[in-house]
K.L.:
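What follows is a single structure, and I will ask about it in a moment.
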Amino acid sequence: MGERMQKKQKQAMLCIALFAVSLAFYLFWYLLDSVILTEDAPSYINMQSDREPGYCLYLLLFRKLFGAELGIHGAVIGQCVIAAVAACVITVELTNLFLLNRIGSIGILAIQYGITLLNRFVAQRRYSYFNSIETEGLAYSLWIFWFLCVLGIIYKKDKKSLIGAIIWSMALICIRKQMLITIIILLIAILFSYIGNKGWKTAWICAILSCVLCFAGTRFVECGYNWILRGAFAPHTGDSSFILGTELYLADDAMAQSITDDNHRKIFMEIRKRAEENEYHISYADKGWQSLVDHYSGAYDRIKFDIVMPVIRENQDARGIPEAEREADYNQIAGTMMWALFVPCLPKLAKLYVCNIIHGLVTTVLKVHVLLNWAALVLYLCYLASMVLLYGAGRKNAAWDFANPVYFALLVLLAIAVNVCFTSLTIYCQMRYMLYNTGLFYQAWWVMLIKYIQIECGKGNKNRGFV
């Protein structure tokens with residue numbers, strides 16, 4: 001009994017020390033760079049109707065507690081604290097799950113820190129996301145909590161992990177609509193985990209109910225938020241035109257005939273005119289997938305915010321649309337154009353989609369560059385080779401007593417594939433959308449290498465978790 005108590009005390013002290021070091025690391029960048037107000041920050045601070053409620057409510061909480069000015073700093077400090085907790089939790093959980101030695105644990109933590117160093121010194125933005133006012137400052141950490149719950153579903157098959165995954169999935173979707181990918185990954189993870197133990201029928205029922213609960217719960221939160229704030233029980237605006245910006249980048253004047261409404265056709269032609277004046281069209285992109293994605297990424301936001309929004313607002317002014325009806329009218333116009341242009345744009349959409357996927361896969365593990373693109377391919381191949389080697393080594397050594405990291409590695413690949421493919425449908429795969437899985441990719445690879453060495457050296461049963 002005394003030995004067990006000492007072990008728990010030692011573990012608690014290590015966790016406290018780990019949290020203290022992690023908190024100092026993340027707060028350092030806040031003290032160095034202060035608060036970074038991004039281009040999207042005002043829309044979340046002002047709680048615009050086209051923004052999901054999660055991050056708006058997070059910022060509101062700190063404004064209510066500390067006031068408008070100090071509240072921004074409080075929100076950033078809160079993000080740093082949550083990031084420190086995430087760094088501790090993933091280090092402890094992966095160490096315990098895979099019985100890592102100290103070198104293995106240090107590697108996990110170093111990779112977690114490395115993502116912030118990458119953002120600060122390599123990425124174009126040159127700042128830590130955790131001291132910026134944008135959804136990633138909070139969502140990156142919550143993604144870690146969600147991912148660990150999904151790992152629990154696969155390895156432990158317990159109700160606690162399933163409930164946790166559903167809750168964190170709802171929280172993430174309320175922060176970023178991109179996080180609908182959690183529902184897809186959760187569905188596959190539940191089926192993979194439960195089919196062998198509970199049969200196809202039970203696994204499918206459990207998977208579908210979990211995903212429906214995630215989506216319905218998120219929609220209820222959104223509608224409730226808008227009902228309290230705006231008096232309308234409705235989700236946030238903007239979803240009806242999720243690929244309109246991309247379609248307008250690809251469209252040509254001949255596609256106007258696909259739009260049956262005269263007013264909508266007039267709006268489309270004015271948008272096309274302004275897009276041509278600024279060369280925001282695929283015809284102005286240089287040859288090659290990288291040049292295409294670079295041009296598209298530079299044009300996408302400018303089309304949506306500098307052209308589409310002003311043109312529709314000007315049209316609403318001319319028609320005398322009341323302020324209270326403008327958001328619904330905007331969504332109706334944008335949604336109608338989106339569906340009218342979808343089929344005519346489909347061939348070009350397919351081409352751009354493939355280019356986006358390549359860009360997203362590279363960006364997840366490296367920075368896009370003519371040389372690094374090939375290095376990314378090598379990294380993926382080496383990652384797959386490590387999975388094969390570890391699986392083969394495990395089959396030869398039946399004495400290993402830790403969880404099989406190959407499933408962890410497979411889950412990371414699934415998360416990367418779903419994130420890249422889903423994001424590529426709606427927007428360009430810039431780094432901040434891809435970084436969710438960057439650390440996990442290298443952490444899974446690191447765990448596989450550590451365990452492979454231990455198996456080959458006959459030390460697969462020497463470690464007993466985070467002690």
Side-chain angles (χ1 to χ4, degrees), residues 1-31 74 77-117 130 138 140-165 167-168 171 399-405 407-408 411 439-440 442-444 446-455 457-467:
M1 191 62 135
E3 185 178 348
R4 183 182 299 177
M5 184 63 69
Q6 286 182 346
K7 183 178 179 180
K8 287 185 177 180
Q9 289 177 347
K10 185 178 180 181
Q11 184 179 32
M13 291 300 294
L14 283 170
C15 289
I16 292 172
L18 181 58
F19 173 74
V21 171
S22 298
L23 183 59
F25 173 81
Y26 290 111
L27 284 177
F28 172 80
W29 304 110
Y30 160 68
L31 295 173
I77 293 172
Q79 289 173 178
C80 292
V81 172
I82 296 171
V85 173
C88 293
V89 169
I90 193 170
T91 302
V92 173
E93 289 297 315
L94 293 184
T95 297
N96 288 338
L97 182 60
F98 300 112
L99 299 181
L100 299 178
N101 55 25
R102 290 293 169 82
I103 294 176
S105 300
I106 292 171
I108 295 296
L109 185 62
I111 292 170
Q112 194 68 23
Y113 291 167
I115 300 304
T116 294
L117 297 176
F130 300 112
L138 185 60
Y140 282 158
S141 300
L142 302 192
W143 175 267
I144 294 297
F145 301 147
W146 172 83
F147 193 91
L148 290 173
C149 287
V150 179
L151 273 184
I153 292 173
I154 292 175
Y155 287 103
K156 302 174 184 177
K157 299 178 176 59
D158 59 332
K159 292 181 180 179
K160 181 181 177 181
S161 296
L162 178 59
I163 294 171
I167 292 172
W168 289 122
W400 69 347
D401 59 355
F402 49 83
N404 189 342
Y407 299 131
F408 174 27
L411 181 61
L440 291 168
Y442 290 105
Q443 285 165 337
W446 175 250
V447 171
M448 287 193 292
L449 292 176
I450 290 291
K451 302 321 290 185
Y452 179 76
I453 292 171
Q454 288 182 342
I455 291 174
C457 295
K459 297 179 180 179
N461 58 351
K462 295 296 185 183
N463 303 296
R464 286 291 179 267
F466 196 76
V467 294

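Numbers here are sequence positions counted from 1.
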K.L.:
Determine which pairs satisfy side-chain hydrogen bond (donor to acceptor under 3.5 Å, both in side chains) with at least one residue from residues 16-29, sequence neighbours left out, and list them in order.
P.N.:
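The answer is Ser22-Tyr113.
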K.L.:
Supply the atom-to-atom distance Phe145 CZ to Ile82 CD1, rounded to the nearest 0.5 angstrom.
P.N.:
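The distance works out to 7.0 Å.
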K.L.:
Give, for atom CD1 of Ile90 and atom CG of Leu151, the distance between the pair rounded to the nearest 0.5 Å.
P.N.:
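Going from CD1 on Ile90 over to CG on Leu151, the span is 8.0 Å.
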K.L.:
For Ile106, enumerate each residue passing the side-chain contact (heavy atoms from CB on, under 4.5 Å) test, keeping only those at least two apart in sequence or located in another chain.
P.N.:
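So Ile106 forms no side-chain contact (heavy atoms from CB on, under 4.5 Å) with any residue.
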K.L.:
Apply side chain to side chain donor-acceptor pair (under 3.5 Å) to Tyr30 and list each qualifying residue two or more places apart in sequence or on a separate chain.
P.N.:
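Result, side chain to side chain donor-acceptor pair (under 3.5 Å) vs Tyr30: His73.
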K.L.:
Would you name the heavy atoms of Arg102 and Leu14 that are closest together and state the gap between them?
P.N.:
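Residues Arg102 and Leu14, closest heavy atoms: NH2-CD1, 4.1 Å.
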K.L.:
What's the spacing between Leu94 CG and Gln112 CD if we round to 0.5 Å?
P.N.:
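These two atoms lie 9.0 Å from each other.
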K.L.:
Looking at residues at least two apart in the chain, or sitting in another chain, which of them share a side chain to side chain donor-acceptor pair (under 3.5 Å) with Glu93?
P.N.:
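Applying side chain to side chain donor-acceptor pair (under 3.5 Å) to Glu93 gives none.
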K.L.:
What's the separation between atom OG in Ser161 and atom CH2 in Trp168, rounded to the nearest 0.5 Å?
P.N.:
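Those atoms lie 13.5 Å apart.
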K.L.:
Heavy atoms only: give me the nearest Leu440-Phe408 pair and the separation to one decimal.
P.N.:
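Distance-wise, the nearest heavy atoms are O-CZ, 4.3 Å.
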K.L.:
What's the shortest heavy-atom distance between Val81 and Phe19, and which atoms?
P.N.:
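Distance-wise, the nearest heavy atoms are O-CE1, 4.0 Å.
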K.L.:
For Ala165, which residues count as a side-chain contact (heavy atoms from CB on, under 4.5 Å) partner, sequence neighbours excluded?
P.N.:
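Ala165: side-chain contact (heavy atoms from CB on, under 4.5 Å) contacts with Trp146, Cys149, Val150, Ile153, Leu186.
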K.L.:
Examine Phe130 together with Phe25 and report whether their ring centres are nearer than 6.0 Å.
P.N.:
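Ring centroids of Phe130 and Phe25 are no less than 6.0 Å from each other.
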K.L.:
Heavy atoms only: give me the nearest Cys15-Val92 pair and the separation to one decimal.
P.N.:
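Reported closest heavy-atom pair: SG-CG2, 3.9 Å.
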K.L.:
Might you point out which heavy atoms bring Ala86 and Ile144 nearest each other, and give the distance in Å?
P.N.:
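Scanning both residues, the minimum pair turns out to be O-CG2, 4.0 Å.
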K.L.:
Would you confirm whether Lys451, through its side chain, and Pro405, through its main-chain N or O, come within 3.5 Å as a donor-acceptor pair?
P.N.:
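Flag not set: sc Lys451 to bb Pro405 has no pair under 3.5 Å.
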K.L.:
What distance separates Ile103 CD1 from Gln454 CD, expressed to the nearest 0.5 Å?
P.N.:
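These two atoms lie 9.5 Å from each other.
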K.L.:
Hey, could you give me the OG/CD1 distance between Ser105 and Ile450, rounded to the nearest 0.5 Å?
P.N.:
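Nearest 0.5 Å value for the OG-CD1 distance: 9.0 Å.
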K.L.:
Which atom pair, heavy atoms only, marks the closest approach of Thr91 to Thr95?
P.N.:
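Result for this residue pair: O-OG1, 2.6 Å.
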K.L.:
Using the test side-chain contact (heavy atoms from CB on, under 4.5 Å), find all partners of Lys157 that sit at least two apart in sequence or belong to another chain.
P.N.:
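Counting only residues at least two positions away or on another chain, Lys157 forms a side-chain contact (heavy atoms from CB on, under 4.5 Å) with Ser193, Tyr194, Asn197.
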K.L.:
Ignoring hydrogens and geometry, is there a side-chain-to-backbone donor-acceptor pair from Trp446 to Gly104 under 3.5 Å?
P.N.:
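Checked: pair present.
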